[in-house]
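Step one of this worksheet: look at the structure below.
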Amino acid sequence: MLDIKFMRENPKLVEAAMVQLGTADAPVAEALALDAQRRQVLQKVEALRAQRRAVSKKIGRTKDPVEQQALIESTRLAGDHLTALEMELRQIESQFRDAMLRIPNLPDPGVPVGKDEHENVVVKQWGEPREFDFTVLPHWEIGEALDILDIRRGVKLAGSRFYVLKGAGSHLQRALINWMIDIHVQEHGYTEVWPPVLVRSETLVGTGNLPKFAENLYHDAEEDLWLVPTAEVPVTNLYRDEILPPGSLPIYHVAYTPCFRREKAAAGKDTRGIKRVHQFDKVEMVKFVEPEKSGEELMRLLDDAEDIARRLELPYRVVQMCTGDLSFTAAIKYDVELWAPGAGEWLEVSSVSNFKDFQARRANIRYRPAVGQPPRFVHTLNGSGLALPRVMIAILENYQQRDGSVVVPQVLRPYMGGLDVIR
RNA sequence: GGAGGGAUGGCCGAGCGGACGAAGGCAGCGGUCUUGAAAACCGUUGUGGUGCAAGCCACCGGGGGUUCGAAUCCCUCUCCCUCCGCCA
């Protein structure tokens, strides 16, 4: 959520930002009009309430029953008027809030301006794609041949875009999760969290997934609970409606969760393999920091994600999103992409964003800089560290050998009982 | 799932229709005293909205209602506790 005061003072700037984001349909003008209306009605309501309070106090003090009755009669009509106005105010406020919740975050001034993903900027590349002296296979062929990935049976159980890992495939996944969390906790300074993966609507509003992106989420109507699309949702909301005491920041959390995405919009895209599925696993990093620090914290968060790719010795590149490809909530965002030789493409395995105070406003997450000082909104950031199925794809495709076996990355071997080759 | 009891400021806890943004205690902060500290004493301490400002308004778990007036009465939701049932 944007700061309404900032919007009032800089309407042109906000409108211009919406054009850059390619979301000129965002209800900025509507929100501003509702805000003006809201304040107008609010002033009337407050004046009437002040008046009512004064009369009521007088009624309480009046001893003479006749005089008291006269006062009650005189103010009854004003009361009805007030009730009507209050109802109007409530309606305006709810419309106002709804409009505010549908306006995206403003891009950081440093974000390259661009129309869509074609204008994203590759800012870094690490590692050399391996040269193969045999025909490289895509991960689904490698996985099926080794009997560690069973897509057909996954589909039997749950439908398209579901899969089953088996034997060393399952073990590799478990190893990756444990190893990644250990690195982030022991070497990057994060505190581990194991949150619920079913959450309430308010939780999803806090991170910006609702109200706008309900169609991408799984929802249990009976209990009104939602399956999280990422650990970002429960972990960011950990401190919703709280004022963190002085000295609390920065807070770094890392969490593993399964992630659930309906991806209705993506039907028909990336249908082969496990690149785009409805349920996947992910290790996610979330930071809560002071506003002045979020810029540098973003770069460190990005490096923490890259570090995982480097340790796995997987070639990767870092791409900065242009304005047109920025997510709804991010002010600035980088993707880490692993090279997948089998499919011949770069796979997004991490999306590292600074949301500044956008989520903090929605979720009402504040901190007190020092005793006696007023609270301020924190800045939130997050990044995958990393998304499992695509790391799995990259490992299978990069580490494949002529005979169909797959070498286990050095760093994972202690987590796989010393196994060095899956065959 | 069934029966009952609760939710008040950072914490504990009073208030059950008007004098309550809310007694009292604790904690915190400032001060007096002290070589320093403790004790004692005095003072002070919530969040937000709105307005140029003085100020005004809102908030006693959330939302709605009754009333001239609600922390207090009614409805509803959420959460917590006790007992029974069920359960990995």
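- If A:Gln373 and A:Arg90 are placed on RNA chain B by their nearest nucleotide, the residue sitting closer to the 5' end is A:Gln373.
- Listed here is the closest heavy atom pair of A:Ser350 and A:Ser384: OG-O, 2.6 Å.
- If you check distances only, the side chain of A:Glu46 never reaches the base of B:rG51 with a donor-acceptor pair under 3.5 Å.
- Within 4.0 Å (heavy atoms only), A:Arg200 reaches sugar-phosphate atoms of the nucleic acid but no base atom.
- Around atom CZ of A:Arg39, more than 12 heavy atoms belonging to other residues, nucleotides or ligands sit under 6.0 Å away.
- Residue A:Arg376 is out of contact with every strand shown, counting any heavy-atom pair closer than 4.0 Å.
- The interatomic distance linking A:Arg53 (CZ) with B:rC20 (P) rounds to 11 Å, in whole Å.
- On the C1' atoms, B:rA14 is 6 Å away from B:rA23, given to the nearest whole Å.
- Taking 4.0 angstrom as the limit, A:Arg39 places none of its side-chain polar atoms (N or O) nearer than this to OP1 or OP2 of B:rG49.
- B:rG49 atom C1' lies 11 Å from atom CG of A:Leu89, rounded to whole Å.
- No engagement by A:Pro374 is indicated, since no non-hydrogen atom pair under 4.0 Å with the nucleic acid exists.
- The CG atom of A:Leu82 sits 10 Å away from the P atom of B:rA70 (whole-angstrom rounding).
- B:rC11 and B:rC16: their P atoms are spaced 23 Å apart (whole Å).
- At least one side-chain nitrogen or oxygen of A:Arg368 sits closer than 4.0 Å to the OP1 or OP2 atom of B:rU47.
- The nucleotide B:rC11 finds its pairing partner in B:rG25, both defining distances of the Watson-Crick or G-U wobble pair being shorter than 3.5 Å.
- In summary, A:Arg376 and A:Glu290 do not engage in a salt bridge, as defined by a charged side-chain N under 4.0 Å from a carboxylate O.
- Rounded to an integer number of Å, the gap from A:Arg38 CZ to B:rG49 C1' is 7 Å.
- Between B:rC68 and A:Arg76, a contact under 4.0 Å exists linking OP1 or OP2 to a side-chain N or O.
- Side-chain contact between A:Asp3 and A:Phe377: absent, with no pair of heavy atoms (C-beta onward) separated by less than 4.5 Å.
- Taking atom P on both nucleotides, B:rG1 is separated from B:rC86 by 15 Å, rounded to a whole Å.
- Counting to the nearest Å, the P atom of B:rC68 and the CG atom of A:Asp80 are 9 Å from each other.
- In this structure, A:Ile59 reaches the bases: a heavy-atom distance under 4.0 Å links it to at least one base atom across the strands shown.
- In this model, the phosphate group of B:rU67 is not approached by any side-chain N or O of A:Arg52 to a distance below 4.0 Å at OP1 or OP2.
- Across all strands shown, the partner of B:rU32 is B:rA40, judged by Watson-Crick or G-U wobble contacts whose two distances both fall under 3.5 Å.
- When Watson-Crick and G-U wobble pairs are counted only if both distances are under 3.5 Å, B:rU82 pairs with B:rA3.
- Between the CZ atom of A:Arg240 and the P atom of B:rG62 there is a distance of 14 Å, rounded to whole Å.
- The separation between A:Lys5 atom NZ and B:rG49 atom C1' is 9 Å, rounded to whole Å.
- For the pair A:His278 and A:Tyr163, the minimum side-chain heavy-atom distance is 4.5 Å or more.
- Across the protein-nucleic acid pair, A:Glu86 atom CD and B:rU66 atom P stand 11 Å apart, rounded to whole Å.
- Between A:Glu306 and A:Arg310 there is a salt bridge, since at least one side-chain N of the basic residue sits less than 4.0 Å from a carboxylate O of the acidic one.
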